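Accompanying notes for the structure given below.
A quick note: this is a predicted structure, and the numbers were derived from the prediction, not measured.
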Amino acid sequence: MKVTKHNDVYKASRITGPKHNYLGLRMSTSPPTEMSILPHNLNDELSVVDVTQLVDAVNAGIEESNQANAKTVFVLSIEYVPSDTPDYATYSLLAKAIAEAASSDFASDD
C-alpha cells in the first residue's frame, strides 16, 4: 500500500472496483489534546461513513502499528471523504500503513 506525504499530511487510498477509501492523517509523537476530523466534499449529500466507527478503525490501525514499531505515533487529525465506502477494516489497514510510514519518518528524525 502506497503512502504519500503532502505538507504534514500522510495520505493513503484504496480503490477496488466500486469500493473507494481515502484517508489522510496528520501524525505526531506526542499525544494530542484533541483530534480534528476533517471531511472532504462537505457539499456532498451522500454521507455514508460513520465518524465514530471511522475514528475507532483508525485508532485500531494506529495501535496495531505502534505495537510493532519502535516509534509510537498519535493522530492529530483525520481527513476522509464522507461518501466513500464505509469499509472500516480498510480504514484500519490504511491507518496502519500510514502509522508505519510516520513511525519510520519520526525515527529517522532522532
Side-chain angles (χ1 to χ4, degrees):
M1 185 167 305
K2 183 177 179 181
V3 175
T4 60
K5 186 178 178 187
H6 184 260
N7 294 327
D8 61 343
V9 179
Y10 290 87
K11 300 176 180 188
S13 62
R14 179 180 248 180
I15 301 171
T16 55
K19 294 183 177 185
H20 44 89
N21 298 90
Y22 161 80
L23 187 63
L25 301 177
R26 280 186 39 241
M27 308 294 292
S28 173
T29 55
S30 301
T33 55
E34 185 177 348
M35 182 189 309
S36 301
I37 310 296
L38 309 167
H40 284 287
N41 301 332
L42 289 176
N43 295 330
D44 192 346
E45 294 180 19
L46 180 62
S47 180
V48 293
V49 173
D50 179 280
V51 175
T52 301
Q53 290 182 22
L54 172 66
V55 170
D56 289 347
V58 167
N59 285 336
I62 299 298
E63 183 177 324
E64 187 175 341
S65 175
N66 281 341
Q67 291 175 1
N69 292 306
K71 195 71 159 179
T72 299
V73 294
F74 301 91
V75 176
L76 298 175
S77 68
I78 298 173
E79 295 179 0
Y80 74 103
V81 177
S83 61
D84 272 355
T85 307
D87 182 343
Y88 303 102
T90 296
Y91 284 119
S92 188
L93 290 173
L94 294 172
K96 181 180 177 190
I98 289 171
E100 289 169 355
S103 177
S104 176
D105 285 353
F106 288 127
S108 65
D109 290 344
D110 289 342

Q | Cluster link I98 to F106, ILVMFWY, side chain under 4.5 Å | A | yes
Q. Side chain of D87, backbone of A89: donor and acceptor closer than 3.5 Å?
A. yes
**Q.** Check: K71 main-chain N/O paired with S103 side-chain donor or acceptor under 3.5 Å
**A.** yes
Taking all heavy atoms of [X] and all of [Y], pick out the closest pair and write down the distance.
X	Y	answer
P86	V48	CB-O, 3.7 Å
R14	T90	CD-CG2, 3.7 Å
A102	M27	CB-CG, 3.8 Å
D50	Y88	N-OH, 2.7 Å

(Q) So, taking the atom named OG in S65 and the one named CG in L93, what distance separates them when rounded to the nearest 0.5 Å? (A) 11.5 Å
For residues 15-26, dump all side-chain donor-acceptor pairs below 3.5 Å to protein atoms at least two apart in sequence or in another chain.
residue : atom : partner : partner atom : Å
H20     : ND1  : D84     : OD1          : 2.7
N21     : ND2  : T85     : O            : 2.7
N21     : ND2  : Y91     : OH           : 3.4
Y22     : OH   : E79     : OE1          : 2.8
R26     : NE   : D8      : OD2          : 3.0

Q | Sub-4.5 Å side-chain heavy-atom contact between F74 and S30 | A | no
Q. Are side-chain heavy atoms of K96 and L94 found at a separation under 4.5 Å?
A. no
Pair up each side-chain donor or acceptor in residues 52-62 with any protein partner under 3.5 Å, not counting sequence neighbours, and list the distances.
residue : atom : partner : partner atom : Å
N59     : ND2  : V55     : O            : 3.3

